[in-house]
Amino acid sequence: MEILINIKDTITVQEALDFIQSPACGGEVIFTGTVRNHTKQRSVLKLFYECYEAMAISEMQKIAMQVQERWDIQKLVMLHAVGDKYPGDIAVVIAVAAAHRGIAFDACEYVIDTLKETVPIWKKEFFADGEIA
Amino acid sequence: MGILLFGVAKDITGAALLEKPAQVRDVASLKAWLYEAYPGLQQLKSVMIAVNRTYAADSQVINEQDEVAVIPPVSGG
(Lines give C-alpha, C1' and ligand atoms only; values in the text may rest on other atoms or scores of the structure.)
Protein backbone atom coordinates (compact mmCIF):
# COMPACT_ATOMS: atom_id res chain seq x y z
CA MET A 1 0.00 0.00 0.00
CA GLU A 2 1.26 3.48 -0.86
CA ILE A 3 0.56 6.11 1.78
CA LEU A 4 0.45 9.90 1.72
CA ILE A 5 0.06 11.62 5.10
CA ASN A 6 0.28 15.37 5.50
CA ILE A 7 -0.70 18.13 7.92
CA LYS A 8 -0.43 21.68 6.60
CA ASP A 9 -2.23 25.03 6.27
CA THR A 10 -4.10 24.30 3.05
CA ILE A 11 -5.07 20.90 1.65
CA THR A 12 -6.79 20.11 -1.64
CA VAL A 13 -8.84 17.22 -3.00
CA GLN A 14 -6.73 17.38 -6.15
CA GLU A 15 -3.51 16.35 -4.41
CA ALA A 16 -5.32 13.32 -2.97
CA LEU A 17 -6.79 12.43 -6.37
CA ASP A 18 -3.39 12.74 -8.02
CA PHE A 19 -1.85 10.38 -5.46
CA ILE A 20 -4.48 7.63 -5.56
CA GLN A 21 -4.92 7.32 -9.28
CA SER A 22 -3.75 3.93 -10.46
CA PRO A 23 -4.59 1.65 -13.38
CA ALA A 24 -4.77 -1.26 -10.92
CA CYS A 25 -7.66 0.32 -9.02
CA GLY A 26 -11.30 0.37 -9.97
CA GLY A 27 -12.76 1.95 -6.84
CA GLU A 28 -11.68 5.27 -5.39
CA VAL A 29 -13.46 6.72 -2.36
CA ILE A 30 -12.80 10.27 -1.22
CA PHE A 31 -14.11 11.79 1.97
CA THR A 32 -13.82 15.52 2.56
CA GLY A 33 -14.63 17.18 5.84
CA THR A 34 -15.47 20.86 5.47
CA VAL A 35 -16.14 23.67 7.92
CA ARG A 36 -19.85 24.00 8.72
CA ASN A 37 -21.34 27.45 9.32
CA HIS A 38 -23.27 26.36 12.39
CA THR A 39 -23.01 24.17 15.49
CA LYS A 40 -26.24 23.29 17.29
CA GLN A 41 -28.09 26.18 15.60
CA ARG A 42 -25.42 28.71 16.50
CA SER A 43 -23.67 30.55 13.71
CA VAL A 44 -19.96 29.76 13.34
CA LEU A 45 -17.57 32.36 11.88
CA LYS A 46 -14.44 30.24 11.75
CA LEU A 47 -12.58 27.34 13.25
CA PHE A 48 -8.99 27.26 14.40
CA TYR A 49 -7.23 23.90 14.17
CA GLU A 50 -4.08 23.17 16.16
CA CYS A 51 -2.17 19.92 16.29
CA TYR A 52 0.62 18.12 18.08
CA GLU A 53 2.19 17.45 14.77
CA ALA A 54 4.81 14.81 15.54
CA MET A 55 2.32 12.65 17.43
CA ALA A 56 -0.50 13.34 14.95
CA ILE A 57 1.65 12.04 12.09
CA SER A 58 2.59 9.01 14.18
CA GLU A 59 -1.07 8.26 15.01
CA MET A 60 -2.04 8.66 11.34
CA GLN A 61 0.69 6.18 10.43
CA LYS A 62 -0.77 3.74 12.96
CA ILE A 63 -4.18 4.04 11.29
CA ALA A 64 -2.55 3.36 7.94
CA MET A 65 -0.94 0.22 9.36
CA GLN A 66 -4.32 -0.96 10.66
CA VAL A 67 -5.84 -0.41 7.22
CA GLN A 68 -3.03 -2.38 5.65
CA GLU A 69 -3.64 -5.30 8.01
CA ARG A 70 -7.40 -5.37 7.45
CA TRP A 71 -8.00 -4.61 3.79
CA ASP A 72 -6.34 -5.03 0.43
CA ILE A 73 -6.02 -1.32 -0.28
CA GLN A 74 -3.56 -0.01 -2.88
CA LYS A 75 -3.40 3.66 -1.96
CA LEU A 76 -4.31 5.72 1.08
CA VAL A 77 -4.23 9.48 1.61
CA MET A 78 -4.80 11.31 4.89
CA LEU A 79 -4.58 15.11 4.79
CA HIS A 80 -5.51 17.46 7.62
CA ALA A 81 -5.51 21.24 7.58
CA VAL A 82 -4.39 23.47 10.46
CA GLY A 83 -4.81 27.15 11.28
CA ASP A 84 -7.83 29.37 10.64
CA LYS A 85 -10.55 27.72 8.53
CA TYR A 86 -13.75 29.35 7.35
CA PRO A 87 -17.14 27.86 6.38
CA GLY A 88 -16.69 25.85 3.20
CA ASP A 89 -12.95 25.35 3.67
CA ILE A 90 -11.64 21.78 3.58
CA ALA A 91 -10.39 20.57 6.97
CA VAL A 92 -9.70 16.92 6.18
CA VAL A 93 -9.39 14.69 3.13
CA ILE A 94 -9.29 10.88 3.21
CA ALA A 95 -8.82 9.06 -0.08
CA VAL A 96 -8.67 5.32 -0.64
CA ALA A 97 -8.10 3.35 -3.82
CA ALA A 98 -8.68 -0.38 -4.19
CA ALA A 99 -9.45 -2.88 -6.91
CA HIS A 100 -13.16 -2.76 -5.98
CA ARG A 101 -15.35 -0.20 -4.25
CA GLY A 102 -16.62 -2.19 -1.25
CA ILE A 103 -13.42 -2.31 0.75
CA ALA A 104 -12.56 1.24 -0.30
CA PHE A 105 -15.78 2.51 1.34
CA ASP A 106 -15.13 0.41 4.45
CA ALA A 107 -11.52 1.52 4.80
CA CYS A 108 -12.36 5.18 4.19
CA GLU A 109 -15.01 5.18 6.91
CA TYR A 110 -12.68 3.41 9.32
CA VAL A 111 -9.91 5.95 8.69
CA ILE A 112 -12.01 9.08 9.28
CA ASP A 113 -13.78 7.58 12.32
CA THR A 114 -10.48 6.52 13.90
CA LEU A 115 -8.74 9.78 13.03
CA LYS A 116 -11.43 11.70 14.91
CA GLU A 117 -10.90 9.49 17.96
CA THR A 118 -7.13 9.19 18.21
CA VAL A 119 -5.22 11.83 16.27
CA PRO A 120 -4.15 14.78 18.45
CA ILE A 121 -5.74 17.64 16.53
CA TRP A 122 -8.03 20.19 18.17
CA LYS A 123 -10.52 22.67 16.80
CA LYS A 124 -11.62 25.86 18.46
CA GLU A 125 -14.97 27.31 17.34
CA PHE A 126 -15.44 31.06 16.95
CA PHE A 127 -19.16 31.87 17.10
CA ALA A 128 -20.90 34.89 15.60
CA ASP A 129 -22.06 35.92 19.10
CA GLY A 130 -18.43 36.36 20.17
CA GLU A 131 -18.07 33.17 22.17
CA ILE A 132 -15.08 30.92 21.63
CA ALA A 133 -15.37 27.25 22.50
CA MET B 1 12.21 18.13 29.77
CA GLY B 2 9.00 20.15 30.07
CA ILE B 3 5.41 19.08 29.65
CA LEU B 4 3.67 20.13 26.42
CA LEU B 5 0.03 21.24 26.53
CA PHE B 6 -2.47 21.51 23.72
CA GLY B 7 -6.01 22.64 22.99
CA VAL B 8 -8.22 23.42 25.95
CA ALA B 9 -5.57 22.08 28.37
CA LYS B 10 -3.37 24.96 27.25
CA ASP B 11 -6.24 27.43 27.83
CA ILE B 12 -7.01 26.07 31.30
CA THR B 13 -3.40 26.11 32.51
CA GLY B 14 -2.48 29.26 30.61
CA ALA B 15 0.71 27.58 29.42
CA ALA B 16 1.91 25.69 26.35
CA LEU B 17 4.83 24.31 28.34
CA LEU B 18 5.07 23.47 32.03
CA GLU B 19 8.08 22.42 34.03
CA LYS B 20 7.82 18.91 35.37
CA PRO B 21 7.76 18.90 39.19
CA ALA B 22 10.28 16.61 40.86
CA GLN B 23 7.59 14.43 42.45
CA VAL B 24 6.21 13.43 39.05
CA ARG B 25 7.67 10.02 38.28
CA ASP B 26 4.94 8.34 36.27
CA VAL B 27 1.73 9.15 34.38
CA ALA B 28 -0.49 8.66 37.46
CA SER B 29 1.51 11.14 39.56
CA LEU B 30 1.58 13.62 36.66
CA LYS B 31 -2.22 13.48 36.37
CA ALA B 32 -2.62 13.85 40.15
CA TRP B 33 -0.35 16.91 40.15
CA LEU B 34 -2.09 18.46 37.13
CA TYR B 35 -5.59 18.02 38.63
CA GLU B 36 -4.44 19.57 41.91
CA ALA B 37 -2.55 22.48 40.37
CA TYR B 38 -5.19 23.14 37.68
CA PRO B 39 -8.62 21.99 38.95
CA GLY B 40 -10.25 23.21 35.73
CA LEU B 41 -8.79 20.13 34.03
CA GLN B 42 -11.20 17.99 36.06
CA GLN B 43 -14.08 19.39 34.00
CA LEU B 44 -12.75 17.78 30.82
CA LYS B 45 -14.27 14.54 29.57
CA SER B 46 -10.81 13.02 29.41
CA VAL B 47 -7.18 13.93 29.89
CA MET B 48 -4.71 11.60 28.24
CA ILE B 49 -0.96 11.74 28.67
CA ALA B 50 1.38 10.98 25.80
CA VAL B 51 4.93 9.87 26.48
CA ASN B 52 7.27 10.04 23.51
CA ARG B 53 4.33 10.70 21.19
CA THR B 54 2.36 7.63 22.27
CA TYR B 55 -0.71 7.44 24.54
CA ALA B 56 0.53 6.20 27.91
CA ALA B 57 -1.10 4.17 30.69
CA ASP B 58 -1.15 5.48 34.28
CA SER B 59 1.58 3.05 35.28
CA GLN B 60 4.07 4.30 32.69
CA VAL B 61 7.27 5.71 34.19
CA ILE B 62 8.33 9.19 33.06
CA ASN B 63 12.07 9.72 32.62
CA GLU B 64 13.84 13.06 32.40
CA GLN B 65 14.49 12.84 28.67
CA ASP B 66 10.93 11.76 27.74
CA GLU B 67 8.70 14.00 25.63
CA VAL B 68 5.53 14.35 27.70
CA ALA B 69 2.29 15.94 26.51
CA VAL B 70 -1.15 16.60 27.97
CA ILE B 71 -3.83 15.56 25.48
CA PRO B 72 -7.37 16.89 26.11
CA PRO B 73 -10.26 15.34 24.12
CA VAL B 74 -9.26 15.49 20.46
CA SER B 75 -11.55 17.16 17.93
CA GLY B 76 -9.97 16.88 14.52
CA GLY B 77 -11.79 16.16 11.30
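Quick note: numbers below take in every heavy atom, side chains included, and nothing from hydrogens, waters or symmetry partners. Chain letters run A, B, ... following the sequence lines, proteins first and then strands; every chain starts at 1.
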Show your working on side-chain contact (heavy atoms from CB on, under 4.5 Å) between B:Thr54 and A:Lys62 and close with a plain yes or no. CA-CA 11 Å; B:Thr54 302; A:Lys62 283 181 193 167; 3.7 Å; yes
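In this structure, the side chain of A:His80 does not engage the main chain of B:Gly76 through any donor-acceptor pair within 3.5 Å. Remark: the backbone N or O of B:Pro73 is paired with a side-chain donor or acceptor of A:Trp122 at under 3.5 angstrom.
Applying the 6.0 Å contact sphere to CD of B:Gln23 captures more than 12 heavy atoms from other residues, nucleotides or ligands. Counted within 6.0 Å of CD on A:Gln68, heavy atoms from surrounding residues, nucleotides or ligands total more than 12; the atom is thus considered enclosed. Annotation for A:Glu131: atom CD counts as buried by contact number, over 12 foreign heavy atoms lying within 6.0 Å. Annotation for A:Arg42: atom CZ counts as buried by contact number, over 12 foreign heavy atoms lying within 6.0 Å. Around CZ of A:Phe105, the count of heavy atoms belonging to other residues, nucleotides or ligands within 6.0 Å does not exceed 12. The number of heavy-atom neighbours closer than 6.0 Å to CD of A:Gln66, taken from other residues, nucleotides and ligands shown, is above 12.
The contact between A:Tyr52 and chain B is made by backbone and side chain atoms together, counting heavy-atom distances below 4.5 Å. Interface remark: A:Lys124 contributes side-chain atoms only to the contact with chain B (heavy atom separation under 4.5 Å).
One finds a salt bridge joining B:Lys10 and A:Glu50 here, because a Lys/Arg side-chain nitrogen approaches an Asp/Glu carboxylate oxygen to under 4.0 Å.
When hydrophobic clusters are built by joining Ile, Leu, Val, Met, Phe, Trp and Tyr residues whose side-chain heavy atoms come closer than 4.5 Å, directly or via intermediates, A:Leu76 is grouped together with A:Ile7. Under a hydrophobic-cluster definition in which Ile, Leu, Val, Met, Phe, Trp and Tyr are linked whenever side-chain heavy atoms come within less than 4.5 Å, directly or via other members, A:Phe19 and A:Val29 are assigned to different clusters.
The shortest distance between side-chain heavy atoms of B:Phe6 and A:Met55 does not fall below 4.5 Å.
Distance check, rounded to the nearest 0.5 Å: CD1 of A:Ile132 to CG of B:Asp11 gives 9.0 Å. Summarising the geometry, atom CD belonging to A:Glu117 is positioned 13.0 Å from atom OG belonging to B:Ser75; distances are rounded to the nearest 0.5 Å.
The heavy-atom pair separating B:Val74 from A:Thr118 by the smallest distance is CG2-N, 4.2 Å. Nearest heavy atom pair, residue B:Gly77 against residue A:Ala91, reads O-CB, 4.3 Å.
Between chain B and the options A:Ala81, A:Ala56, A:Pro120, heavy-atom pairs under 4.5 Å are most frequent for A:Pro120.
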